[in-house]
Amino acid sequence: MRFCLNVDHIATLRNARGENQPDPVTVALIAEQSGVDGIVVHLREDRRHINERDLRLLRELVTTKLDLEMAAVPDIINIACDVLPELATIVPEKRLELTTEGGLNVIDNIEQISSAIKQLHAAGIAVSLFIEPDINQINAAAEIQADLIELHTGHYANAATEDEQLDELERVRLAARHAKKLGLGVNAGHGLDYQNIKQFIEVQDIDEVSIGHAVIARAVMVGIKEAVDEMKRILRRV
Ligand code: PXP
């Protein structure tokens, strides 16, 4: 299973002070050197984390794969067609949500999404649709020529009981198998962490996971000791 890292939260931290650090572009490059298979960013309409400067620099510097999460709206489609990420992942976007809250409703928005896919394909960009593990949504994605789907794993990750989690995992497993039979590539993401990934890797037919929050949070935990030690050394003039 390939692993792509979402670095949006590095930009969230940078933006909290309106300064330049930490830079999501630098973090993306370190992550690449550490072995990730790709970098994911979500250019939101409200630019709450990643901005166009980040996106354009990432496009110049990322050598693995750049996956741009985006809403299927004209302004962002135009930017994508100019920047040319290897992959555009179309997601639903609501202004007040804290993070992407669920999969796209491809069936109800088929015209808009199909038109976005055509424009992105014309620019040579592969397109993934972020959807629930639902057979009808998968069929609709295949019908409008999506190259891949990304299965929303939020219900699996947030399941309240073990039984519910197993049910959700089974939904993902069946959805992935169905999508593969239709010739779609299958990615997955949202809420995956160091615990729930252990069962998740048993699911066949998933090519790649996209993980952000858990890995960025873990980076703080494993990095804090070194950061404190470094400051202490300077203060002790050693
Ligand atoms: N995939 C998609 C489509 C997302 O919107 C997000 C959140 O930005 C992720 C994956 C990563 O989710 P998390 O930050 O919970 O790992």
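The first residue in the sequence is number 1, and the count goes up from there. In each ligand, atom 1 is the first atom listed, and ligand 1 is the first ligand listed.
To the nearest 0.5 Å, atoms NE2 (H49) and CZ (R44) are separated by 5.0 Å. Between atom CG of residue D82 and atom CZ of residue R59 there is a gap of 12.0 Å, rounded to the nearest 0.5 Å. Summarising the geometry, atom CG belonging to D8 is positioned 13.0 Å from atom CG belonging to L13; distances are rounded to the nearest 0.5 Å.
In this structure, A214 does not count as a contact residue of ligand 1, since none of its heavy atoms falls inside 4.0 Å of the ligand. Ligand 1 has H190 within reach: a non-hydrogen atom of the residue lies less than 4.0 Å from it. Contact between I211 and ligand 1 is present, with at least one heavy atom of the residue lying under 4.0 Å from the ligand.
Every atom of ligand 1 is numbered from 1 in the order shown, and the set under 4.0 Å from a heavy atom of G191 is 12 (O), 13 (P), 15 (O), 16 (O). Contact atoms of ligand 1 toward H213: 13 (P), 14 (O), 16 (O) (distance under 4.0 Å to a heavy atom of the residue). Those atoms of ligand 1 that come under 4.0 Å of a heavy atom in V91, given as number and element, are 3 (C). For ligand 1, the atoms sitting less than 4.0 Å from at least one non-hydrogen atom of N6 are 8 (O), numbered in the order shown with element in parentheses.
For F130, no nitrogen or oxygen atom sits less than 3.5 Å from a nitrogen or oxygen atom of ligand 1, counting backbone and side chain alike. An N or O contact shorter than 3.5 Å links E150 to ligand 1 by distance. Geometrically, ligand 1 and E69 share a nitrogen or oxygen pair separated by less than 3.5 Å. For H9, no nitrogen or oxygen atom sits less than 3.5 Å from a nitrogen or oxygen atom of ligand 1, counting backbone and side chain alike.
Between the side chains of E69 and T89, no donor-acceptor pair of N or O atoms lies under 3.5 Å. For the residue pair H213 and D193, no side-chain donor N or O sits within less than 3.5 Å of a side-chain acceptor on the partner. For E150 and H190, the side-chain atoms include no donor-acceptor pair closer than 3.5 Å. Of the N and O atoms on the side chains of H155 and Q165, not one donor lies less than 3.5 Å from an acceptor on the other residue.
Linking Ile, Leu, Val, Met, Phe, Trp and Tyr whenever their side-chain heavy atoms come within less than 4.5 Å leaves I206 and V40 in two separate clusters.
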